[in-house]
Undergrad: 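Following this message is one structure expressed as structure tokens.
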There are 2 protein chains.
Amino acid sequence: MTKAPTVYDVAADAGVSIATVSRVLRRPEDVRASTRERVMDSVRDLGYVPSGSARGLAARRTGALGLYFPGFDAMDDMGELSDLLADASPSYSFVDDVGAAPESHQFNLYFDEVLRGAELEAWRRGFALTVAVGRGGLAADAARDMAGRVDGLLVLAQSVPDAALEQLARRIPIVVLASAAHSGAFDSVTVSNHEGMHALTAHVIDDLGIRDIAYVAGPLDSPDDNDRWAGFESALLERGMDPGRVRLRRGEFTRASGRLAGAYLLASDAMPKAVICANDQMGLGVLDALNEAGIRVPQEVVVTGFDGIEAANLSSPRLTTVHQPMELVGRAAIQLMQRRLDDPEAEPASIRLPVKVLLRESSEGS
Amino acid sequence: MTKAPTVYDVAADAGVSIATVSRVLRRPEDVRASTRERVMDSVRDLGYVPSGSARGLAARRTGALGLYFPGFDAMDDMGELSDLLADASPSYSFVDDVGAAPESHQFNLYFDEVLRGAELEAWRRGFALTVAVGRGGLAADAARDMAGRVDGLLVLAQSVPDAALEQLARRIPIVVLASAAHSGAFDSVTVSNHEGMHALTAHVIDDLGIRDIAYVAGPLDSPDDNDRWAGFESALLERGMDPGRVRLRRGEFTRASGRLAGAYLLASDAMPKAVICANDQMGLGVLDALNEAGIRVPQEVVVTGFDGIEAANLSSPRLTTVHQPMELVGRAAIQLMQRRLDDPEAEPASIRLPVKVLLRESSEGS
DNA sequence: TCCAAGAGTGTATGCGCATACATTGCCGTT
DNA sequence: AACGGCAATGTATGCGCATACACTCTTGGA
């Protein structure tokens with residue numbers, strides 16, 4: 001790891017000026033083939049790697065995009081490095097895991113897929129992708145730091161305070177993901193939460209003939225949750241049913257809170273004929289509770305979720321749900337960003353992606 | 001999005017020199033409180049965001065770390081932005097998904113978790129994390145580009161050609177993940193593949209009393225696969241069994257190839273009493289094949305996997321497997337990188353993380 | 001044969017910041 | 001009263017590259 005060679009070193013080695021070295025790397029066709037090869041040889045010989053910082057500074061663009069997620073709160077510390085290096089603990093251990101309760105990851109899957117889509121699309125367009133996960137009060141600082149090192153910032157709903165977001169928007173393009181709230185002010189990508197839940201609810205009522213329905217909602221501050229409830233509500237209203245009379249439980253979008261909701265329903269006088277949940281995790285939790293109580297799904301009660309996470313495809317019975325194109329959300333966001341970078345004056349645009357209602361065994365005869 | 005304010009603008013606004021502005025941001029305690037506040041006010045008023053490029057250039061460090069993954073090959077294109085914006089397609093659709101075959105994601109889960117661990121740990125240490133996914137022949141270029149913009153590079157085994165890797169190592173610190181091959185040359189993080197598979201195999205032979213075993217291996221070029229096979233092999237040898245006589249099928253680490261392997265075993269004269277698979281995906285595929293053929297697991301055949309992915313916890317029967325601490329791999333890698341950055345002259349270190357043998361229903365009485 | 005028009009290359013500059021070093025002002029000492 | 005020492009701030013420079021502009025050398029047409 002000797003001192004890193006620079007354009008000057010390469011130029012000297014190849015017997016050309018630094019401008020030519022730069023051209024060989026950025027616009028090879030502007031340089032005569034023989035010169036180009038000579039320079040490339042020097043580049044290889046010296047192991048030259050252009051400095052991203054210098055490039056970014058001179059070109060006024062970094063070639064990187066940022067993706068900012070809301071944070072996982074639970075962040076238990078791990079032992080420090082010294083522990084790991086010095087570790088004399090056994091290299092393996094046995095765990096009797098028979099009969100363990102399945103608790104799949106929290107919301108992670110959602111982010112993972114969005115991230116993958118964004119990464120994919122960013123790469124295709126020649127951008128690097130820098131990710132950051134917001135942590136409570138520091139979100140604004142972290143976002144600012146990030147804003148300084150990228151050409152554009154993708155922000156997941158609720159991960160950055162609005163005030164901070166507007167500040168940043170004065171400096172670099174912002175695309176907001178999964179938040180209907182910001183439509184109009186920023187470019188944004190959302191999914192058809194409303195329509196999806198509406199369609200699913202209509203299916204339960206019209207096709208399955210069920211009118212005795214309970215609803216398991218998510219946190220009040222979730223825009224997704226609001227949209228889904230609105231879709232559910234409108235389906236009821238259209239059919240002359242009163243949403244106010246629906247048994248409503250509110251959970252945390254986790255499997256555990258779904259179990260609680262399920263237990264609550266079990267303890268009530270009469271089970272509803274259908275339990276519509278605002279996301280899959282809670283739907284799976286409800287399934288857990290019902291399975292445990294020996295209630296047959298879907299024969300006695302129909303259960304549905306929302307999101308289309310993998311775990312909903314592996315449960316028994318498999319969970320009917322509304323699939324969100326999460327990877328597409330990430331890709332679409334990058335596309336919007338590209339458009340914004342190409343034309344900074346364009347009107348803010350909003351992409352609303354379609355969802356798929358996946359009818360599975362938790363709502364159908366097997 | 002007017003012209004971005006710089007230190008000069010802030011300095012002028014606050015009536016100080018640029019050095020003072022810089023100090024306020026980097027070493028606030030070196031500046032008198034009254035001055036500091038005046039500068040901070042200007043920073044806020046102007047919406048100043050320091051340029052990461054300029055900082056990186058002047059300070060000779062970017063404050064970012066890179067994470068380089070081998071690529072997903074299948075990269076089907078999506079419609080372009082114009083399609084999405086103009087899209088008049090319905091906002092939802094119904095899909096009859098009853099009875100669909102569960103095919104969980106490919107290897108993604110593995111990367112997702114490593115990434116999460118790395119992100120977490122990088123954040124804690126004040127680094128940004130830039131991710132890139134290698135794409136075939138361009139891997140070397142992409143890695144080089146990345147190397148120019150970060151202070152250190154984490155590389156997953158096999159994602160960058162060795163020659164390119166050594167080039168880059170001359171410029172910035174490299175930490176290799178999940179590759180025993182590079183130990184000694186680079187800092188590296190691995191898991192106890194050998195020991196884990198050895199322990200699992202010993203359990204099958206000694207505790208379950210099974211000696212009629214088939215092995216479903218992964219690709220030949222996978223170091224993980226090699227290690228696991230070696231662990232399996234050594235367990236047999238220790239017990240006087242001949243690894244050469246084990247029925248061996250080689251797959252692609254995918255569920256589909258696991259199904260194929262299962263079908264092959266079913267078609268053979270006699271089923272073995274245990275099928276040990278080099279990863280979970282293939283183990284799940286074998287389960288699929290056996291379930292379909294009506295073979296009872298574990299009563300007639302024991303099946304095991306390796307990795308500890310979530311899907312292996314949701315199958316029926318749930319899959320006995322060896323859990324890798326994937327998130328820890330990511331975190332440990334960042335810790336190693338930190339150590340290397342702190343002390344560039346340190347001897348290359350290797351962290352080998354312990355695994356957990358998870359005994360579940362696919363190998364035990366329920 | 002001479003010149004205009006590129007093609008190819010070099011020179012000079014600035015991107016925005018961190019920081020070494022210089023300068024100023026203030027306080028306590030002698 | 002003069003001075004040393006330190007805290008606070010300013011001045012000047014360079015980090016490594018892209019690029020506008022200047023310059024030289026060919027080449028083809030008149």
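Convention: sequence-line order gives letters A, B, ...; per-chain numbering from 1.
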Undergrad: Strictly below 4.0 Å: does B:R55 bring a side-chain N or O up to OP1 or OP2 of C:dC17?
TA: no

Undergrad: Which of these passes side-chain contact (heavy atoms from CB on, under 4.5 Å) with A:Y48: A:D9, A:V39, A:V7?
TA: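 The side-chain contact (heavy atoms from CB on, under 4.5 Å) with A:Y48 is passed solely by A:V7 among A:D9, A:V39, A:V7.
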
Undergrad: Specify the separation, in whole Å, of atom CG of A:L25 and atom C1' of D:dA18.
TA: 11 Å

Undergrad: If you take atom types as modelled and just measure distance, does the side chain of B:Y8 reach the base of C:dC15 with a donor-acceptor pair under 3.5 Å?
TA: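 A donor-acceptor contact between them is absent.
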
Undergrad: Rounded to whole Å, how long is the line connecting atom CG of B:L57 with atom C1' of D:dG14?
TA: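 In whole Å, D:dG14 C1' lies 8 Å from B:L57 CG.
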
Undergrad: Does the side chain of A:S17 get closer than 4.0 angstrom to OP1 or OP2 of C:dG10 through an N or O atom?
TA: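 Yes, because at least one side-chain N or O of A:S17 sits under 4.0 Å from OP1 or OP2 of C:dG10.
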
Undergrad: Tell me what A:V16 touches on the nucleic acid: a base, only sugar-phosphate, or nothing, going by heavy atoms under 4.0 Å.
TA: sugar-phosphate

Undergrad: Could you check how far CZ of B:R27 sits from C1' of D:dG10, rounded to whole Å?
TA: 16 Å

Undergrad: Is B:R44 salt-bridged to B:D41, cutoff N-O under 4.0 Å?
TA: yes

Undergrad: Below 4.0 angstrom from OP1 or OP2 of C:dT9, is there any side-chain N or O of A:T35?
TA: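 For C:dT9, OP1/OP2 do have a side-chain N/O of A:T35 under 4.0 Å.
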
Undergrad: Tell me whether the OP1 or OP2 atom of D:dA18 has a side-chain N or O from A:S22 closer than 4.0 Å.
TA: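 Yes, within the criterion.
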
Undergrad: Is B:T6 near enough to C:dC15 that one of its side-chain N or O atoms lies under 4.0 angstrom from OP1 or OP2?
TA: no

Undergrad: Can you tell whether the side chains of A:E121 and A:R124 come within less than 4.0 Å, N to carboxylate O?
TA: yes

Undergrad: Contact class for A:V31 vs. all strands (heavy atom < 4.0 Å): base, sugar-phosphate, or nothing?
TA: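 Sugar-phosphate contact only.
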
Undergrad: Identify, between A:A54 and A:S34, the residue whose nearest nucleotide on DNA chain C lies closer to the 5' end.
TA: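 Of the two residues, A:S34 wins.
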
Undergrad: A:A19 has a side chain; which of D:dG16, C:dG10, D:dC15 sits nearest to it?
TA: C:dG10

Undergrad: Would you say that B:L67 contacts B:T130 through its side chain, given a criterion of any heavy-atom pair below 4.5 Å between the two side chains?
TA: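 With C-beta onward as the side chain, the pair stays apart.
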
Undergrad: What nucleotide, of D:dT9, C:dG10, C:dG14, holds the atom closest to the side chain of B:T20?
TA: D:dT9

Undergrad: Could you state the CZ-P distance from A:R26 to D:dA20, rounded to the nearest angstrom?
TA: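 Checked: the CZ to P distance equals 15 Å.
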
Undergrad: B:I18 CD1 to C:dA22 P: how many Å, rounded?
TA: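 Roughly 18 Å, once rounded to whole Å.
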
Undergrad: Let me know the distance between CZ of A:R61 and P of C:dG16, rounded to the nearest Å.
TA: 15 Å

Undergrad: Within the pair A:Y48 and D:dC17, is there a side-chain N or O less than 4.0 Å away from OP1 or OP2?
TA: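 So the side-chain polar atoms of A:Y48 do come within 4.0 Å of the phosphate oxygens OP1 or OP2 of D:dC17, strictly under.
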
Undergrad: Tell me the interatomic distance from B:R149, atom CZ, to D:dG16, atom P, rounded to whole angstroms.
TA: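 Interatomic distance, CZ of B:R149 to P of D:dG16: 17 Å.
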
Undergrad: Roughly how many Å is it from CZ in B:R38 to C1' in D:dT9, rounded to a whole number?
TA: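 Atom CZ in B:R38 sits about 11 Å away from atom C1' in D:dT9.
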
Undergrad: If each of B:R23 and B:A59 is mapped to the nucleotide of DNA chain D with the nearest heavy atom, which maps nearer the 5' terminus, i.e. the 5' end?
TA: B:R23

Undergrad: Take B:D187 and B:R340 through the test salt bridge (Lys or Arg N to Asp or Glu O under 4.0 Å) and record every step on the way to the result.
TA: CA-CA 8 Å; B:D187 293 302; B:R340 167 70 44 203; 2.7 Å; yes

Undergrad: Which comes earlier along DNA chain D counting from the 5' end, the contact point of B:R60 or that of B:R36, where each point is its nearest nucleotide?
TA: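 Its nucleotide being nearer the 5' end, the pick is B:R36.
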
Undergrad: Please determine whether a side-chain nitrogen of the Lys or Arg among B:D343 and B:R339 lies less than 4.0 Å from a carboxylate oxygen of the Asp or Glu.
TA: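 Answer for the salt bridge query: no.
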
